[in-house]
Asks: 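Questions regarding the structure given below will be posed in turn.
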2 protein chains.
Amino acid sequence: MPASPADSRSTTERETIPKTGAVRRRAGRPAAAVLDQAGITAAALRLIGKNGYDGLTMAALARSLNVAPSALYNHVESKRDVLLLVEDHLTALVDVTAFAAEPWESAVRKWAWSYRDVFAEHTPLIPVIAVLPVTDAPQTLAMYETVSAGFGRAGFPEERIVSAIVALESFIFGSAYDVTAPADIFDSGNMAESTPSFTGAVRSLAAQGHEKPADVAFSLGLEALIAGFGALRV
Amino acid sequence: MPASPADSRSTTERETIPKTGAVRRRAGRPAAAVLDQAGITAAALRLIGKNGYDGLTMAALARSLNVAPSALYNHVESKRDVLLLVEDHLTALVDVTAFAAEPWESAVRKWAWSYRDVFAEHTPLIPVIAVLPVTDAPQTLAMYETVSAGFGRAGFPEERIVSAIVALESFIFGSAYDVTAPADIFDSGNMAESTPSFTGAVRSLAAQGHEKPADVAFSLGLEALIAGFGALRV
DNA sequence: TCTAATAAATGAATGGCATTCATTTAGTGG
DNA sequence: CCACTAAATGAATGCCATTCATTTATTAGA
């Protein structure tokens with residue numbers, strides 16, 4: 001057991017044994033505050049933009065802010081918290097303006113493309129978003145409000161709005177991954193002979209010469225969802 | 001520079017300077033081979049089943065096989081390789097049998113539900129699959145072949161088969177995350193008053209009393225995709 | 001003006017991780 | 001029987017997020 005540094009009781013006991021001698025709290029405000037959540041978010045985005053998500057480490061983040069890594073933990077509980085801040089910032093970039101002015105179909109279309117485009121650049125966030133309670137992400141919640149209101153105005157039965165949004169979102173997240181897939185992802189290699197249908201279908205698509213196959217699939221799926229959900233309106 | 005252990009040339013040079021003195025290869029086969037990819041895959045699945053993906057470390061995997069961690073690297077290039085093996089094994093569990101016997105609609109429906117159910121338990125694999133060249137995953141390729149053949153037989157134009165499958169897959173992966181989301185994910189908390197449409201929609205869905213909201217959304221989206229894609233058949 | 005309280009920042013540790021590599025082990029074809 | 005080899009070992013390496021006792025700088029209130 002090497003050098004146990006916490007043998008004796010901590011001298012900074014915050015809330016341990018809170019009953020002892022009333023609640024005393026009369027003090028001043030602290031130092032200049034070099035760090036805050038907005039600054040951390042901005043620095044994280046800068047870092048991600050330059051070196052990708054592999055480059056986003058707490059050490060690198062601290063270094064980019066001229067601060068010790070441990071200092072970050074005064075403003076953020078964990079690295080996951082940093083990712084949450086980034087996620088919420090990005091969600092604010094999703095374009096929901098069409099819900100105010102355009103018909104439901106085109107509003108959904110613009111929103112979905114914008115949503116996919118934003119997170120295609122940030123796929124490592126998707127596992128975080130998918131499980132994230134909206135309470136922790138005000139901008140995300142704001143987006144849901146705008147979209148829900150648009151669905152309601154378009155005549156959607158209220159009890160199906162959330163399910164429809166969830167389905168669209170699921171499709172959007174999955175499609176965001178597609179965008180990042182390598183071009184040769186469907187190259188069946190030496191298995192080509194044993195997979196004639198699939199290999200033929202891949203070749204047939206390639207012969208079309210689309211520059212972005214992911215866009216074709218996204219468009220196909222999105223239009224099917226829009227058509228199918230549009231029929232639910234009353 | 002502490003203790004540089006690789007100063008002198010390696011004694012095990014495999015392919016360095018391959019021209020030197022012809023190709024000589026006359027030797028015996030090695031020892032008993034405690035380890036192989038099938039065993040590693042099985043052990044990884046056992047570990048994941050017991051402790052989840054956090055429990056899947058190279059050290060834990062080695063320990064479960066009574067072997068040193070470094071021994072794994074004789075059979076696998078990286079941890080990502082292990083995840084690939086697991087992924088391919090799981091894909092083989094996806095039910096594609098309906099494509100042999102049932103009409104296209106119900107075959108797609110069964111396949112999609114099965115696919116989602118398998119990977120809902122293994123969401124950490126989704127980022128791996130989404131970018132995985134099919135060459136590296138024979139079972140995955142086999143699944144694509146069966147599905148492609150089914151689409152072709154159903155009258156799908158060949159050049160749209162891959163896009164349709166990709167769109168369905170995207171929806172399936174995104175929906176797999178949904179399954180794992182906490183029940184209170186849409187609780188707007190103290191922001192409820194400022195998000196009346198969304199909060200109302202959430203309450204309205206909750207009032208329906210579905211035991212699995214993720215299933216409702218998945219069904220809604222899947223039926224829309226099946227209906228939309230079904231119309232493409234000739 | 002002094003002092004007590006405080007939030008923020010520091011620096012040194014901790015434990016875990018995947019991966020590398022020189023070396024050893026144990027079978028086998030010639 | 002021996003040269004060769006694949007597989008296994010164990011000890012590093014470097015990176016990572018996170019913790020914690022301590023120091024610093026600020027300010028409210030007596």
Side-chain angles (χ1 to χ4, degrees), chain A residues 1-16 21-37 39-40 44 47 51 53-63 65-84 124, chain B residues 1-16 21-37 39-40 44 47 51 53-63 65-84 124:
Chain A
M1 207 171 282
S4 64
D7 256 353
S8 56
R9 280 212 162 268
S10 168
T11 58
T12 50
E13 359 189 337
R14 284 170 204 259
E15 288 170 345
T16 37
V23 183
R24 55 217 154 81
R25 268 230 187 172
R26 36 184 186 101
R29 205 165 280 157
V34 190
L35 240 42
D36 64 354
Q37 291 199 337
I40 291 173
L47 220 47
N51 308 323
Y53 278 84
D54 285 349
L56 182 65
T57 69
M58 295 302 270
L61 188 53
R63 198 175 328 116
L65 289 160
N66 294 311
V67 128
S70 50
L72 295 169
Y73 289 86
N74 286 317
H75 304 270
V76 129
E77 272 202 344
S78 65
K79 182 175 180 180
R80 188 169 185 279
D81 258 26
V82 176
L83 294 177
L84 249 60
Chain B
M1 209 168 282
S4 64
D7 257 354
S8 57
R9 282 210 162 270
S10 167
T11 59
T12 51
E13 0 189 338
R14 284 169 203 260
E15 288 170 344
T16 38
V23 182
R24 55 219 154 79
R25 270 232 185 167
R26 36 187 188 97
R29 208 163 279 157
V34 190
L35 240 41
D36 63 352
Q37 292 199 337
I40 291 173
L47 220 47
N51 308 323
Y53 279 84
D54 285 350
L56 181 64
T57 69
M58 295 302 271
L61 188 53
R63 198 176 329 116
L65 289 160
N66 294 312
V67 127
S70 50
L72 296 169
Y73 289 87
N74 286 318
H75 304 269
V76 129
E77 272 203 343
S78 64
K79 182 175 179 180
R80 187 170 186 278
D81 258 24
V82 176
L83 294 178
L84 248 60

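In what follows, every chain begins at residue 1, and chains take the letters A, B, ... in the order their sequences are listed.
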Asks: Quickly work out the Asp36(B) CG to dA6(D) C1' distance and round it to whole Å.
Replies: 14 Å

Asks: Provide, to the nearest angstrom, the distance between the CE atom belonging to Met58(A) and the P atom belonging to dG15(C).
Replies: 20 Å

Asks: I need the NZ-P distance between Lys79(B) and dT20(C), as an integer number of Å.
Replies: 15 Å

Asks: Is any side-chain nitrogen or oxygen of His75(A) closer than 4.0 Å to OP1 or OP2 of dA7(C)?
Replies: no

Asks: What pair of heavy atoms forms the shortest contact from Ala44(B) to Val82(B), and how long is it?
Replies: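 Closest approach of Ala44(B) to Val82(B), heavy atoms only: CB-CG1, 4.0 Å.
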
Asks: So, taking the atom named CG in Leu56(A) and the one named CG in Leu61(A), what distance separates them when rounded to the nearest 0.5 Å?
Replies: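 Answer for the CG-CG pair, Leu56(A) versus Leu61(A), is 6.0 Å.
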
Asks: Of the candidate nucleotides dT18(D), dG11(C), dT19(C), which contains the atom at the shortest distance from the side chain of Tyr73(B)?
Replies: dT19(C)

Asks: Would you mind reading off the distance between Leu61(A) atom CG and dC15(D) atom C1', rounded to a whole angstrom?
Replies: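 Spelled out: CG on Leu61(A) to C1' on dC15(D) is 16 Å.
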
Asks: Of the listed nucleotides (dA12(C), dT19(C), dG10(D)), which one gets closest to any side-chain atom of Ser70(A)?
Replies: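 So the nucleotide nearest the side chain must be dA12(C).
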
Asks: Under the side-chain contact (heavy atoms from CB on, under 4.5 Å) test, which residues partner Ala68(B), sequence neighbours left out?
Replies: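 With neighbours one apart ignored, the set is Ser70(B).
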
Asks: Atom CG of Asp54(A) and atom P of dA18(C): how far apart are they, to the nearest Å?
Replies: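 These atoms are roughly 15 Å apart.
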
Asks: Under the side chain to side chain contact (heavy atoms under 4.5 Å, CB included) criterion, do Leu65(A) and Leu72(A) qualify, and how do the steps go?
Replies: CA-CA 10 Å; Leu65(A) 289 160; Leu72(A) 295 169; 4.1 Å; yes

Asks: May I ask you to decide if His75(A)'s main-chain N or O and Gln37(A)'s side chain share a donor-acceptor pair within less than 3.5 Å?
Replies: yes

Asks: So what does the secondary structure string of DNA chain C come out as, 5' to 3', with Watson-Crick or wobble pairs under 3.5 angstrom, [ ] for crossing and | for pairs with another strand?
Replies: ||||||||||||||||||||||||||||||

Asks: Rounded to whole angstrom units, what separation is found between the CZ atom of Arg63(A) and the P atom of dG11(C)?
Replies: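 To the nearest whole Å, that distance equals 14 Å.
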
Asks: Rounded to whole angstrom units, what separation is found between the CD atom of Glu77(B) and the P atom of dA7(D)?
Replies: 14 Å

Asks: Less than 4.5 Å apart, side chain to side chain, heavy atoms only: is that true for Asn74(A) and Leu35(A)?
Replies: no

Asks: Checking contacts here: which listed nucleotide (dT9(D), dT10(C), dT19(C)) is nearest the side-chain heavy atoms of Ala71(A)?
Replies: dT10(C)

Asks: What is the distance from CG of Asn74(B) to P of dA6(D), rounded to the nearest Å?
Replies: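 Going from CG in Asn74(B) over to P in dA6(D) covers 10 Å.
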
Asks: Any idea which heavy atoms bring Tyr73(A) and Ser78(A) closest together, and the distance?
Replies: CE2-CA, 4.2 Å

